[in-house]
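Since we're looking at a predicted model, the values are computed, not measured. Residue numbers start from 1 in every chain, and the chains themselves are labelled A, B, ... in the order their sequence lines are given, proteins ahead of strands.
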There are 2 protein chains.
Amino acid sequence: MYRISQLARKFGLSRSTLLYYDQERLLSPSGRSEAGYRLYSETDLERLAAIVSFRKAGLSVEETRAVLESQEGETSVLRKRLAAIGAEIRALQVQQHLLARMLRVQSEGGLPESVDKETWVAMLRAAGMDDKAMETWHAEFERRAPQAHHTFLLGLGIPEQEAQVIREWSAAAAPARSSRTR
Amino acid sequence: MYRISQLARKFGLSRSTLLYYDQERLLSPSGRSEAGYRLYSETDLERLAAIVSFRKAGLSVEETRAVLESQEGETSVLRKRLAAIGAEIRALQVQQHLLARMLRVQSEGGLPESVDKETWVAMLRAAGMDDKAMETWHAEFERRAPQAHHTFLLGLGIPEQEAQVIREWSAAAAPARSSRTR
DNA sequence: ACTAAACCGTGAAGCTGTAGACGGGTCAAT
DNA sequence: ATTGACCCGTCTACAGCTTCACGGTTTAGT
């Protein structure tokens, strides 16, 4: 049986966090000592391990409780979170390029946090890719992971609309090895 | 002169948000009507436009006030935020791959939100890149934008340590057109 | 002149997840 | 018994808003 601060240290959490989890009925200690201290069992410990990993994946306390309460196989919450992460990343990339433009850090030689379209193309060219190869590459990207392709394009600071256009002609290009290849 | 709700609609904000900005002394109306209504001038409107764009870039209310109060050229807050965004993106990418592994969505044919190392390499190969070309490309990436290179590698689900290793041999590889080229 | 709808101000409370302060309890060594 | 170091439970605060409640004001229409 662990007391609250011991358990907190064991998992690298703060005591407040465990108190909060108790309050929110996410993890309640299975017993109390005579003095009213919370006592956590081995079972509680296992549950906490699961909680920590879901929280690391960015689930809210409520979502975590939902996943743990529904018997295994309830993946809808996870899927929702995965989609949300994609959106968050894209939003941050927009912020990144907004700031980079404000600072004009890129052009002034400071080492950039993010890469823009021109730099990206230049790097691929340095590695020997030509226009045709890049087309093939975009087509492959669109075929295998359209969402990730979109995120990637925004990551280069390409605006929403232009990204759409690129994706459309990527999709239109003949897929590399589909059965429908003319 | 605008009244509070008019201004809010004009900028796609809620009345409450503007009340909050007033309370926090981020944007105070330059006048009041006889009945005590807040009246915003054209100057206020311009300030709000600036505020909105800084907030979109993820600055806190306090940071935004700091940037606006210091006369132009105070870029340290912006730089700090830019670095923070990079860290946030990397953290989200880790979450993304954590979840993808939990769901095993990748292998089961669902279209993935994120791309892993194998898929990435396969796409470059499909576009005609060989091992040597990839080395050149990593070296270029590391040379031009080390931070972004790191973020990129984590984005492929490559763990921190391995990313370090890749970056080290990228840096060691002879840069394409540095003056030191052997 | 009057009424109803839409506005305004102020103030308070709530939200998430965590950090910290407060006063009192426990325990080993003296 | 007492000191000191730690621990406990409870309560409050933080950002950045939103929502609610209360009562006064403006505006349009009759």
Side-chain angles (χ1 to χ4, degrees), chain A residues 1-40 44 48 50-68 77 80-81 84-85 88 91-92 95, chain B residues 1-41 44 48 51-68 77 80-81 84-85 88 91-92 95:
Chain A
M1 294 296 236
Y2 302 86
R3 293 194 306 194
I4 192 165
S5 290
Q6 293 174 349
L7 192 62
R9 269 193 300 271
K10 216 176 182 72
F11 282 83
L13 303 173
S14 75
R15 190 176 73 103
S16 317
T17 303
L18 290 182
L19 288 170
Y20 178 65
Y21 287 174
D22 186 12
Q23 186 187 310
E24 298 297 308
R25 306 194 320 279
L26 175 58
L27 179 72
S28 303
S30 43
R32 292 271 181 155
S33 78
E34 289 173 23
Y37 289 9
R38 276 162 251 252
L39 295 178
Y40 295 85
D44 294 337
L48 182 53
I51 288 169
V52 166
S53 68
F54 285 121
R55 304 255 32 227
K56 263 191 200 148
L59 296 200
S60 71
V61 166
E62 197 178 329
E63 288 167 334
T64 305
R65 194 176 44 213
V67 172
L68 288 177
V77 177
K80 218 171 282 171
R81 174 63 192 153
I85 290 174
E88 278 176 45
L92 282 173
Q95 290 186 18
Chain B
M1 294 297 235
Y2 303 85
R3 293 196 305 194
I4 192 164
S5 290
Q6 293 173 350
L7 191 63
R9 268 193 299 271
K10 219 177 180 69
F11 281 83
L13 303 174
S14 73
R15 185 177 82 108
S16 326
T17 303
L18 291 181
L19 286 171
Y20 178 66
Y21 286 175
D22 186 12
Q23 185 186 311
E24 297 298 309
R25 304 194 320 279
L26 175 59
L27 178 72
S28 303
S30 44
R32 293 273 180 150
S33 78
E34 289 173 21
Y37 287 12
R38 273 162 255 253
L39 294 178
Y40 295 86
S41 69
D44 294 337
L48 183 54
I51 288 169
V52 166
S53 68
F54 284 121
R55 303 257 31 226
K56 263 191 200 148
L59 296 201
S60 71
V61 166
E62 197 178 329
E63 288 167 335
T64 305
R65 194 176 43 213
V67 172
L68 288 177
V77 178
K80 217 170 283 172
R81 174 64 192 154
I85 291 174
E88 279 176 44
L92 282 174
Q95 289 187 17

Sugar-phosphate only, base, or nothing, as touched by B:R65 at under 4.0 Å among non-hydrogen atoms: nothing
Sugar-phosphate only, base, or nothing, as touched by B:S33 at under 4.0 Å among non-hydrogen atoms: nothing
Under 4.0 angstrom between A:R38 side-chain N/O and D:dG9 OP1 or OP2: yes
Among [options], find the nucleotide with the atom closest to the side chain of [X].
X	options	result
B:S5	C:dC7, C:dC8, C:dG25	C:dC8
A:S14	C:dG9, C:dT26, C:dA19	C:dA19
A:I4	C:dT18, D:dC8, C:dG9	D:dC8
B:R3	C:dC7, D:dT18, D:dT10	C:dC7
A:Y20	C:dT16, C:dC8, D:dG9	C:dT16
B:Y37	C:dG9, D:dG9, C:dT18	C:dG9

Nearest-angstrom distance from the residue atom [atom1] of [X] to [atom2] of [N]:
X	N	atom1	atom2	answer
A:Y40	D:dG9	OH	C1'	11 Å
B:E62	D:dA15	CD	C1'	10 Å
B:R15	C:dC8	CZ	P	6 Å
A:L13	C:dG17	CG	P	13 Å
A:L7	D:dG9	CG	P	12 Å
A:E24	C:dT16	CD	C1'	9 Å
B:L19	D:dC22	CG	P	19 Å
B:Q6	D:dT25	CD	P	19 Å

Closest heavy-atom pair and its distance - A:D44, A:S30: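 Closest approach of A:D44 to A:S30: OD2-OG, 2.8 Å.
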Main chain of [Y], side chain of [X]: is a donor-acceptor contact present, judged purely on distance under 3.5 Å?
X	Y	result
A:D22	A:L19	no
A:S53	A:A50	yes
A:R81	A:E63	no

hbond_proxy A:S16 side chain to C:dA19 base (donor-acceptor, 3.5 Å cutoff): yes
Donor-acceptor pair (no angle test) under 3.5 Å: B:R32 side chain, C:dG9 base: no
B:L59 or B:A35, whichever maps to the more 5' nucleotide of DNA chain D: B:L59
With sequence neighbours excluded, residues passing side-chain hydrogen bond (donor to acceptor under 3.5 Å, both in side chains) with B:S33: none
